[in-house]
Asks: 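Take a look at this one; I'll ask things after.
Just so you know, residue 1 is the first one in the sequence shown, and it goes up from there. The shown structure was predicted, so the numbers you read here are calculated from the model rather than taken from an experiment.
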Amino acid sequence: MTKIFPLIGSIILFSCSNEAEKKSNNTQSAIEVDYIVAQETPMDYIIEIPGTIMPSEMVELFSEIPGRIVTINFKEGQRVRKGELLFKIDSELLEAQLNQLKVDLELAQKDEQRKKNLLASKAISLEEYEQVQSRYYSLQAQIAYVRVQISKASIIAPFSGKLGLRHVSEGAYVTPATKLISIAQDDKVKIEFSIAERYANRVQPGSRITLKTANDTTMYTALVYAYEPSVDQGTRMLTVRAETEGQSNLFPGSYVAITYNLGKDPHSIMIPATALVPILKGQKIWLIKDGKAKSVMVEPGIRTHKDVQVWGEINVGDTVVLSGLLGMREGIDVKGKTK
């Protein structure tokens, strides 16, 4: 019995020694990192996005009737007023057809009057009179149709604007499929751009944007006037249009850089951009939860020169890891010092 007690004491001593060593190892294995505590940061939603200049109105002109072009009344690239004659299509055959119909109509009118008198004296049946009357009305309809066709031989400017390059010459035979020229309304232009769906509820008609072209440092302003009724399902973006007048330096089709102030948000969370960790499905950050490392997905928003706005699984009061990000693993012990 005297030999057993020393053995039990040795076992207890060895066990206590192991526990102490484990605690010591755990303490030593904790990674020391810099961190900040996430807080609400009031800020303006100012986004910078690309856009495209569009003419306020633009159409391609075609002839609605086939025929030979007899007159071109403009020079390429010139500005024209609404209603100005641009092209004249040969309408001689239509005018000859109209003259013939007028003669036929005059005879039909006389015949209709004679038959009407005969019907009154019951010399003919009602059916005979209605046949003559029907021809008279039919000729009137044909004359109206031909007159419309003759009017289509004159191709006019649908609105005031600048003409492009013509695709036909005098004497050319054109059909309704032949493109003649384009005309664009350039006294005012539209600016089209797209913004992320998270900003969609902040877009308001009448709000102001500023923009500049790639080769010009001049800042222009435009007013938002419309946007699509829904977010694009493929891109998750909302298409918006703004309009500006009297800016001759804004050439349709050009790229512009847009700055759009969407208003103030008193509840945004800003963290240093260096805390973001890019991964395959987006970006994440590391938090310290009960002394352990925990990763959460976030979506970056507006950026400053050093900070970035984030949404996602982050809340005010969370402890965000700033250093040692490459060594982070889920659940490892972390201790830190305030950055």
Side-chain angles (χ1 to χ4, degrees), residues 33-51 191 193-211 219 221-242 257-325 328 330-331 334-339:
V33 297
D34 295 322
Y35 70 90
I36 62 165
V37 177
Q39 297 178 351
E40 287 185 344
T41 306
M43 63 172 296
D44 286 327
Y45 272 106
I46 301 176
I47 60 175
E48 296 182 350
I49 43 181
I191 297 90
F193 56 97
S194 297
I195 64 172
E197 63 177 324
R198 62 175 172 266
Y199 302 125
N201 63 343
R202 291 182 169 270
V203 177
Q204 296 293 333
S207 56
R208 188 179 301 272
I209 65 171
T210 59
L211 57 131
M219 298 298 295
T221 61
L223 295 180
V224 172
Y225 72 92
Y227 51 88
E228 290 287 3
S230 62
V231 172
D232 185 276
Q233 296 298 307
T235 62
R236 314 307 305 179
M237 304 286 280
L238 179 70
T239 301
V240 184
R241 282 185 182 174
I258 297 170
T259 302
Y260 191 2
N261 189 335
L262 293 164
K264 187 175 291 293
D265 180 11
H267 305 297
S268 61
I269 296 177
M270 301 288 291
I271 64 172
T274 54
L276 292 176
V277 180
I279 59 175
L280 185 61
K281 294 182 179 180
Q283 301 203 55
K284 69 178 182 179
I285 59 174
W286 287 96
L287 303 179
I288 301 176
K289 295 283 189 180
D290 299 324
K292 305 288 185 180
K294 177 179 175 58
S295 66
V296 296
M297 297 295 297
V298 294
E299 185 176 355
I302 298 170
R303 294 176 180 266
T304 66
H305 66 285
K306 65 176 182 177
D307 295 332
V308 60
Q309 182 186 35
V310 289
W311 289 274
E313 304 173 49
I314 181 173
N315 299 298
V316 174
D318 284 345
T319 304
V320 181
V321 177
L322 301 180
S323 64
L325 299 175
M328 290 293 103
E330 287 288 344
V334 180
K335 65 178 181 177
K337 55 183 179 180
T338 303
K339 179 70 174 176

Asks: Measuring from Leu287:CG to Ile314:CD1, what's the distance to the nearest 0.5 Å?
Replies: 6.0 Å
Asks: Do Leu211 and Phe193 have side chains that get closer than 4.5 Å, going by heavy atoms?
Replies: no
Asks: Please name the residue in the list Val308, Val320, Leu276 that meets the side-chain contact (heavy atoms from CB on, under 4.5 Å) test with Val298.
Replies: Leu276
Asks: List the atom of Glu313, the atom of Asp318, and the distance in Å for their closest heavy-atom pair.
Replies: O-OD2, 4.2 Å
Asks: If you take all heavy atoms of Ile209 and Ala242, which pair is closest and at what distance?
Replies: CD1-CB, 3.7 Å
Asks: What closest approach, in Å, do Met328 and Trp286 show between heavy atoms, and which atom pair accounts for it?
Replies: CB-CE2, 3.3 Å
Asks: Out of curiosity, Ile269 CD1 to Gln39 CD, how far, rounded to the nearest 0.5 Å?
Replies: 10.0 Å
Asks: Could you go through the side-chain contact (heavy atoms from CB on, under 4.5 Å) check for Glu197 and Leu238 one step at a time?
Replies: CA-CA 6 Å; Glu197 63 177 324; Leu238 179 70; over 6 Å; no
Asks: Hey, does Ile285 have a side-chain heavy atom less than 4.5 Å from the side chain of Val296?
Replies: yes
Asks: Enter the distance from Lys306:NZ to Met270:CE here, rounded to the nearest 0.5 Å.
Replies: 10.0 Å
Asks: Please determine whether the number of non-hydrogen atoms from other residues, nucleotides or ligands lying under 6.0 Å from atom CZ of Arg236 exceeds 12.
Replies: yes
Asks: Taking side chain to side chain donor-acceptor pair (under 3.5 Å) as the cut-off, I'd like each qualifying pair that reaches into residues 292-301, sequence neighbours left out, listed once.
Replies: Arg198-Glu299, Lys292-Asp333, Ser295-Glu330
Asks: Look up atom CG in Asn261 and atom CZ in Arg202, then write down how far apart they are to the nearest 0.5 Å.
Replies: 9.5 Å
Asks: Taking only residues two or more places apart in sequence or in another chain, which ones pass ring-ring contact (aromatic ring centres under 6.0 Å, His included) with Tyr227?
Replies: none
Asks: Between Asp232 and Thr235, what is the shortest heavy-atom contact and its length?
Replies: OD1-N, 2.8 Å
Asks: For the atom pair OG (Ser207) and CG (Leu262), what is the distance rounded to the nearest 0.5 Å?
Replies: 7.5 Å
Asks: Angle between ring planes, Tyr199 versus Trp311, binned at 30° and 60°: parallel, tilted or perpendicular?
Replies: perpendicular
Asks: Might you point out which heavy atoms bring Ser194 and Met237 nearest each other, and give the distance in Å?
Replies: O-CE, 3.6 Å
Asks: Kindly determine whether Ser268 and Tyr45 satisfy side-chain hydrogen bond (donor to acceptor under 3.5 Å, both in side chains), including the steps that lead there.
Replies: CA-CA 10 Å; Ser268 61; Tyr45 272 106; over 6 Å; no
Asks: Please report the interatomic distance CZ(Arg241) to CD1(Ile191), rounded to the nearest 0.5 Å.
Replies: 11.0 Å
Asks: Name the residue from Thr304, Thr41, Ile302, Ile271 that meets the side-chain contact (heavy atoms from CB on, under 4.5 Å) definition with Gln309.
Replies: Ile302
Asks: Could you tell me which non-hydrogen atom of Leu322 sits nearest to which non-hydrogen atom of Pro272, and how far apart they are?
Replies: CD2-CG, 3.9 Å
